[in-house]
Asks: 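Got a structure for you, questions after.
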Amino acid sequence: MPELPEVETICRGLQPHLQGRTIVRVDVLQPRLRSLVEPALPGRLQDETIVRVGRRAKYILIFLANKTVWVFHLGMSGKLIHVDAATPLQKHDHMVATLDNGRELRYHDPRRFGLSVVVAEARLHEMPQLRHLGLDPFDSRFDGPYLHAFTKRSARRIRDLLLDQQVVAGVGNIYANEILFRVGVRPTHRACRLPRGKVEQIAAMIPKVLRDAIRWCGTSFSDYRDADDNFGEFQKRLRVYDREGEKCRSCPSVIKRLPLGNRSVFYCPACQV
DNA sequence: CGGTGGACCTGCTGGC
DNA sequence: TGCCAGCAGGTCCACC
């Protein structure tokens, strides 16, 4: 589900609710996520105060006063929501953190592809999931030459390269498709065959599209919601993703869908070469 | 090493 | 109406 813009929207929504709050208790209702939630996790969080909420790629980072970090990844269908304690529990609510103001932070994830761990802040960037991540697209070092260093030596399709978190951290299938439409490149184009100028354009378009999506609070199809359980708006601004058979917004052609690996690509056969 | 394809889960939709 | 195949925002691992 959530790519960088959705995760960033959730973080921005959680920050004012969580900052300065103390976690009173944590209940794990279903520990079987992508990896098992360690039994010691509730004890490591109890009575800890939240300093701030941050993000690395698609990971949500809740920094605690004792210099540990509660890390979440939402997988495909995860939600992290701040609610009133009176809100009825939903099916697939797997974790509930009660805060000192009586409100609750709930982790909900039907497909259970998500992740939740607590790590020492000093070891955060050494944890297996974060260690090999590439640059965040908003990092000042992320530019054309950086991306070109990857594209020039890769025979992969450009869509697959953009999904590789070791190259750019935070792009997922929706935004990979949207970015490539906006630079007129087919998702199936081999990375190493793209001219340097096109790679520069792609590198510039990545943060542009992601920023735009953040401005619209992310993309909601079925299950994505922000920290207050509200929909995003960017689905109204998609040019190709999930628009198979519909008219291109830039020319008279019809958007095509192609299964590529186990993720569909969407493109305009006229606008994208 | 690089690249591909399947596995992990549940739920929804569309075709028959 | 009911059933079943196909598909879904992501990662990780086995295999070539």
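Chain identifiers are assigned alphabetically (A, B, ...) following the order of the sequence lines, protein sequences preceding nucleic acid strands; residue numbering begins at 1 within each chain.
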Asks: Please determine if R215(A) and D212(A) form a salt bridge, counting it only when a charged side-chain N lies under 4.0 Å from a carboxylate O.
Replies: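 So R215(A) pairs with D212(A) through a salt bridge.
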
Asks: Using the aromatic ring of F113(A) (for Trp, its six-membered ring), decide whether it stacks on the base of dC9(B) within the limits of 5.5 Å and 30°.
Replies: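 Stack criterion not met.
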
Asks: Would you mind telling me which residue lines up with the more 5' stretch of DNA chain B, R263(A) or L161(A), judged by nearest nucleotide?
Replies: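 The residue closer to the strand's 5' end, by nearest nucleotide, is L161(A).
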
Asks: From the options dG10(C), dG9(C), dG11(B), select the nucleotide whose nearest atom is closest to the side chain of Y224(A).
Replies: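 Among dG10(C), dG9(C), dG11(B), the one nearest the side chain of Y224(A) is dG9(C).
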
Asks: Counting heavy atoms from C-beta on, name the nucleotide in dT11(C), dG3(B), dC7(C) closest to the side chain of Y59(A).
Replies: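 Taking heavy atoms from C-beta onward, the closest nucleotide is dT11(C).
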
Asks: Report which part of the nucleic acid D109(A) touches: base, sugar-phosphate, or nothing (heavy-atom distance under 4.0 Å, all strands).
Replies: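 Answer is nothing: D109(A) stays at 4.0 Å or more from every strand.
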
Asks: Any chance the rings of Y175(A) and F234(A) have centres within less than 6.0 Å?
Replies: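 Yes: the rings meet the under 6.0 Å criterion.
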
Asks: Indicate, with yes or no, if the rings of Y59(A) and F72(A) have centres closer together than 6.0 Å.
Replies: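 Ring-ring flag for Y59(A)/F72(A): false, centres at least 6.0 Å apart.
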
Asks: Could you tell me which residues satisfy ring-ring contact (aromatic ring centres under 6.0 Å, His included) with F142(A), sequence neighbours excluded, listed by chain and number?
Replies: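 Y146(A).
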
Asks: Under 4.0 Å, heavy atoms only, any strand: does S35(A) hit a base, just the sugar-phosphate, or nothing?
Replies: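 Touches nothing.
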
Asks: Could you measure between the two P atoms, the one in dC3(C) and the one in dC9(B), and give it in whole Å?
Replies: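 Comparing P positions in dC3(C) and dC9(B) gives a spacing of 25 Å.
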
Asks: Report the nucleotide, chosen from dT11(C), dG9(C), dC9(B), that has the shortest atom-to-atom distance to any side-chain atom of R112(A).
Replies: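 Of the candidates, dC9(B) comes closest.
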
Asks: Quantified in whole Å, what is the P atom distance between nucleotide dG9(C) and nucleotide dG3(B)?
Replies: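 About 22 Å, rounded to a whole number of Å.
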
Asks: Output the single nucleotide from dG6(B), dG3(B), dG10(C) whose closest atom is nearest the side chain of E3(A).
Replies: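 Selected nucleotide: dG10(C).
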
Asks: Please list, in numerical order, the residues of residues 238-246 of chain A that have a heavy atom closer than 4.0 Å to any atom of DNA chain C.
Replies: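 By residue number: Y241(A).
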
Asks: State which of dG10(C), dT4(B), dT11(C) makes the closest approach to the side chain of Q165(A).
Replies: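 That would be dT11(C).
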
Asks: Does the base of dA8(C) carry an N or O that pairs as donor and acceptor with the side chain of R111(A) under 3.5 Å?
Replies: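 Side chain to base: pair found, below 3.5 Å.
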
Asks: Applying salt bridge (charged side-chain N to carboxylate O under 4.0 Å, His left out) between K79(A) and each of D93(A), D226(A), D229(A), D109(A), report the one that passes.
Replies: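 Per the salt bridge (charged side-chain N to carboxylate O under 4.0 Å, His left out) rule, the option paired with K79(A) is D229(A), out of D93(A), D226(A), D229(A), D109(A).
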
Asks: Once Watson-Crick and G-U wobble pairs under 3.5 Å are found, how is DNA chain C written in dot-bracket notation, 5' to 3', with | for any base paired to another strand?
Replies: .|||||||.|||||||

Asks: Record whether the side chain of N173(A) comes under 3.5 Å of the base of dG9(C) through a donor-acceptor pair of N or O atoms.
Replies: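 Not at all, since no donor on one side and acceptor on the other fall under 3.5 Å apart.
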
Asks: If you check the K58(A) side chain, which of dT10(B), dT4(B), dT11(C) turns out closest?
Replies: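 Shortest atom-to-atom distance from the side chain points to dT11(C).
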
Asks: Using 30° and 60° as the class limits, which term best fits the ring planes of H108(A) and H92(A): parallel, tilted or perpendicular?
Replies: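 Rings of H108(A) and H92(A): perpendicular, as their planes differ by over 60°.
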
